[in-house]
Amino acid sequence: MKKIQKICCIGAGYVGGPTMAVIADKCRDIQVTVVDVNQDRINEWNSEDLSQLPVYEPGLDELILRNRNNNLFFSTDIDKAIDEADMIFISVNTPTKTYGIGKGKAADLKYIELCARQIAKVAKSDKIVIEKSTLPVRTASAIKNILQNTNNGVSFQILSNPEFLAEGTAINDLTYPDRVLIGGDIHTEEGKQAIDLLSQIYQSWVPQEKILTTNIWSSELSKLTANAFLAQRISSINAISALCEATEADVTEVSRAIGFDSRIGPKFLNASVGFGGSCFQKDILNLVYISRSYHLDEVADYWEHVILMNDYQKRRFAEKIIKTLYNTVNDKKIALLGWAFKKDTNDTRESAAIYVADYLLNEQALLSVYDPKVTEGQIFTDVNRLGTRTEKENEQRLQVHNEIYDTVKGTHAIAVLTEWDEFIDFDWKRIYESMEKPAFVFDGRNILNASKMKALGFIYHGIGK
Ligand SMILES: NC(=O)c1ccc[n+]([C@@H]2O[C@H](COP(=O)([O-])OP(=O)(O)OC[C@H]3O[C@@H](n4cnc5c(N)ncnc54)[C@H](O)[C@@H]3O)[C@@H](O)[C@H]2O)c1
Ligand SMILES: O=c1ccn([C@@H]2O[C@H](COP(=O)(O)OP(=O)(O)O[C@H]3O[C@H](CO)[C@@H](O)[C@H](O)[C@H]3O)[C@@H](O)[C@H]2O)c(=O)[nH]1
């Protein structure tokens with residue numbers, strides 16, 4: 001069996017960058033090249049100043065420093081990297097379609113198809129092509145079709161190897177994964193050999209019993225299913241949080257009580273302002289779309305409710321702020337703490353903060369935003385992209401600050417939207433003194449100590465409390 005010497009990864013994003021950095025770190029004898037069409041992104045990955053890396057992840061900078069330009073390279077020369085590689089990971093974005101059939105529901109596979117066509121055009125030697133992106137079940141058949149119709153004598157094996165890392169803990173998740181999933185053609189010798197070659201790479205640091213192999217369709221569907229189950233837990237506890245608020249039960253106590261049941265388990269039971277991120281909503285919409293395409297309407301309706309509940313939770317949070325501030329936030333200054341969709345990332349895709357801000361801006365609130373890792377430009381891009389009002393109107397009503405005490409000065413209320421650790425340690429007495437009174441805190445992450453906040457004079461509202 002030949003040994004893998006060169007790997008190419010197409011797509012230098014939140015998955016491609018960290019995943020390949022870990023592979024390069026663990027397999028020093030393999031040359032790993034991460035390529036992208038986006039020249040700026042590649043420049044950032046190659047930047048001497050590690051604070052300029054396009055992805056913020058704890059521990060990523062060290063890995064880049066240790067491996068970059070040794071056996072880890074970032075480049076825009078996609079053809080060269082494809083040509084030289086024995087194994088090609090496709091790790092491009094697969095967003096929800098914004099046009100045509102399946103608009104707002106199906107995954108947009110145009111970038112995947114472009115990659116397959118480019119590989120088909122450039123490859124002169126046999127390749128193992130790996131779906132790292134999250135894809136609808138049966139996508140591998142389309143990739144196979146494109147690759148096998150080149151008539152250039154090159155043979156391709158297609159594997160599915162979905163990524164389960166969570167942002168903010170990507171390096172740890174990649175280093176100590178719960179499992180690695182490899183789907184391939186388990187009925188042919190070539191298919192089994194390709195699975196073995198990929199498995200050997202992971203075995204450099206992952207115990208063999210954690211490397212699962214399945215048929216390719218099970219692997220593709222397992223990724224969508226894992227995300228649907230995780231998101232469903234959050235929507236379930238968020239549904240209960242609304243009931244807690246109506247009944248004086250406390251959702252943190254309920255979570256703890258049910259989480260002690262070993263069949264339920266304690267993880268992913270934190271009630272919140274709603275889940276965000278580039279994956280959960282997109283992948284469930286995809287699952288819903290696929291189910292409908294097989295005329296499984298009841299299945300589709302079931303999973304769709306996970307998203308509807310999440311939309312409800314974001315809306316409910318914003319409406320609670322408005323209602324509590326005496327039914328009007330018109331020209332009232334409200335501080336939003338956190339814009340990223342979770343702590344320890346600079347990623348804002350589908351962040352609940354964007355939608356809460358939009359509701360409050362509709363009510364003509366004045367917003368001041370602080371996030372330790374998200375740039376002002378990104379925050380404006382996110383609200384402007386919604387198209388709810390003009391860019392000028394957004395600029396008039398929203399201000400971004402680099403410092404917490406400026407952010408909260410003169411505000412009527414604070415909404416905590418991301419669970420950044422540093423928020424817990426702020427000087428809340430100083431914050432209270434600089435605010436309008438009564439001073440309200442809406443803790444969308446339940447990270448602050450309610451009794452301490454109340455003792456300082458705040459009117460404090462958590463989720464599900
Ligand atoms: N972000 C996560 O935490 C996460 C985790 C697991 C799986 N996934 C899945 O992984 C995939 C990638 O996600 P991401 O968050 O890294 O996306 P991303 O947008 O951060 O990165 C994708 C990159 O692919 C590049 N690209 C697109 N088309 C290209 C082409 N034809 N040639 C070269 N480069 C191209 C883009 O320029 C971009 O830099 C998605 O399918 C996603 O669902 C994401
Ligand atoms: O108890 C919880 C746990 C999470 N969240 C929120 O849920 C969202 C998603 O969080 P998380 O799953 O930790 O981050 P992601 O990076 O989106 O990771 C998910 O999506 C990835 C992309 O597919 C998968 O690889 C991961 O396994 C899966 O956890 C965030 O807004 C969190 O704040 C909650 O509200 N309550």
Side-chain angles (χ1 to χ4, degrees), residues 238 271-278 280-281 307 310-343 345-404 406-420 422-423 426 431 435-436 439-448 461-463:
N238 281 344
S272 68
V273 57
F275 61 74
S278 62
F280 281 172
Q281 175 164 305
I307 296 175
N310 197 47
D311 291 341
Y312 165 71
Q313 187 75 349
K314 292 182 272 190
R315 193 170 63 241
R316 198 170 76 79
F317 183 79
E319 283 171 359
K320 182 159 187 175
I321 297 178
I322 297 158
K323 199 165 157 226
T324 311
L325 294 184
Y326 317 107
N327 288 312
T328 176
V329 291
N330 187 311
D331 284 345
K332 285 184 186 162
K333 211 172 151 193
I334 300 174
L336 305 186
L337 302 197
W339 192 264
F341 81 98
K342 62 185 284 197
K343 73 172 180 179
T345 178
N346 59 346
D347 196 346
T348 66
R349 290 177 287 183
E350 290 302 325
S351 179
I354 303 170
Y355 299 96
V356 171
D358 197 49
Y359 285 122
L360 296 175
L361 288 170
N362 277 344
E363 294 295 321
Q364 308 203 328
L366 295 165
L367 303 182
S368 54
V369 184
Y370 170 74
D371 187 288
K373 288 288 172 204
V374 181
T375 62
E376 177 170 1
Q378 185 62 51
I379 291 170
F380 277 107
T381 302
D382 291 337
V383 276
N384 289 337
R385 194 181 286 139
L386 295 178
T388 318
R389 61 196 76 70
T390 65
E391 295 189 8
K392 194 160 168 238
E393 283 168 318
N394 283 331
E395 272 165 32
Q396 282 164 349
R397 299 221 153 251
L398 189 151
Q399 274 194 329
V400 179
H401 295 270
N402 296 323
E403 199 269 339
I404 179 62
D406 282 345
T407 314
V408 295
K409 204 167 156 209
T411 55
H412 291 259
I414 293 175
V416 178
L417 300 178
T418 312
E419 72 281 25
W420 286 102
E422 68 175 67
F423 295 173
F426 285 155
I431 292 174
M435 289 174 67
E436 295 288 328
F440 295 89
V441 168
F442 299 89
D443 186 353
R445 298 292 185 161
N446 288 343
I447 54 169
L448 302 173
H461 292 275
I463 297 272

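Bear in mind that the values here come from a model prediction, so they are computed numbers and not experimental data. Both backbone and side-chain heavy atoms feed into the values below; hydrogens, waters and symmetry mates do not.
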Test log, rule side-chain contact (heavy atoms from CB on, under 4.5 Å), inputs Glu319 and Tyr359: CA-CA 8 Å; Glu319 283 171 359; Tyr359 285 122; 5.8 Å; no

Worked verdict on Thr375 versus Gln378 for side-chain hydrogen bond (donor to acceptor under 3.5 Å, both in side chains): CA-CA 5 Å; Thr375 62; Gln378 185 62 51; 5.2 Å; no

Evaluation steps, side-chain contact (heavy atoms from CB on, under 4.5 Å), between Leu337 and Phe426: CA-CA 11 Å; Leu337 302 197; Phe426 285 155; 4.2 Å; yes

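Ionic pairing of Arg397 and Asp331 is present here: one or more N-O contacts between side-chain nitrogen and carboxylate oxygen are shorter than 4.0 angstrom.
The environment of CG in Asn362 is crowded: more than 12 heavy-atom neighbours from other residues, nucleotides or ligands sit within 6.0 Å. Applying the 6.0 Å contact sphere to CD of Glu391 captures no more than 12 heavy atoms from other residues, nucleotides or ligands.
Residues forming a salt bridge (charged side-chain N to carboxylate O under 4.0 Å, His left out) with Lys409 (at least two apart in sequence, or on another chain): none. Looking at residues two or more places apart in sequence or on another chain, you find a salt bridge (charged side-chain N to carboxylate O under 4.0 Å, His left out) between Lys343 and Asp421.
Under the 30°/60° scheme for interplanar angles, the aromatic rings of Phe440 and His461 are found to lie parallel.
The CZ atom of Phe275 sits 13.5 Å away from atom NZ of Lys342, with the distance rounded to the nearest 0.5 Å. Rounded to the nearest 0.5 Å, atoms NZ (Lys320) and CD1 (Ile463) are 7.5 Å apart. For the atom pair NZ of Lys332 and CG of Leu367, the computed distance is 13.5 Å after rounding to the nearest 0.5 Å.
Contact detail for Phe317 and Asp443: the closest heavy-atom pair is CE1-C, 4.3 Å.
Tyr370 places a side-chain heavy atom less than 4.5 Å from the side chain of Phe423.
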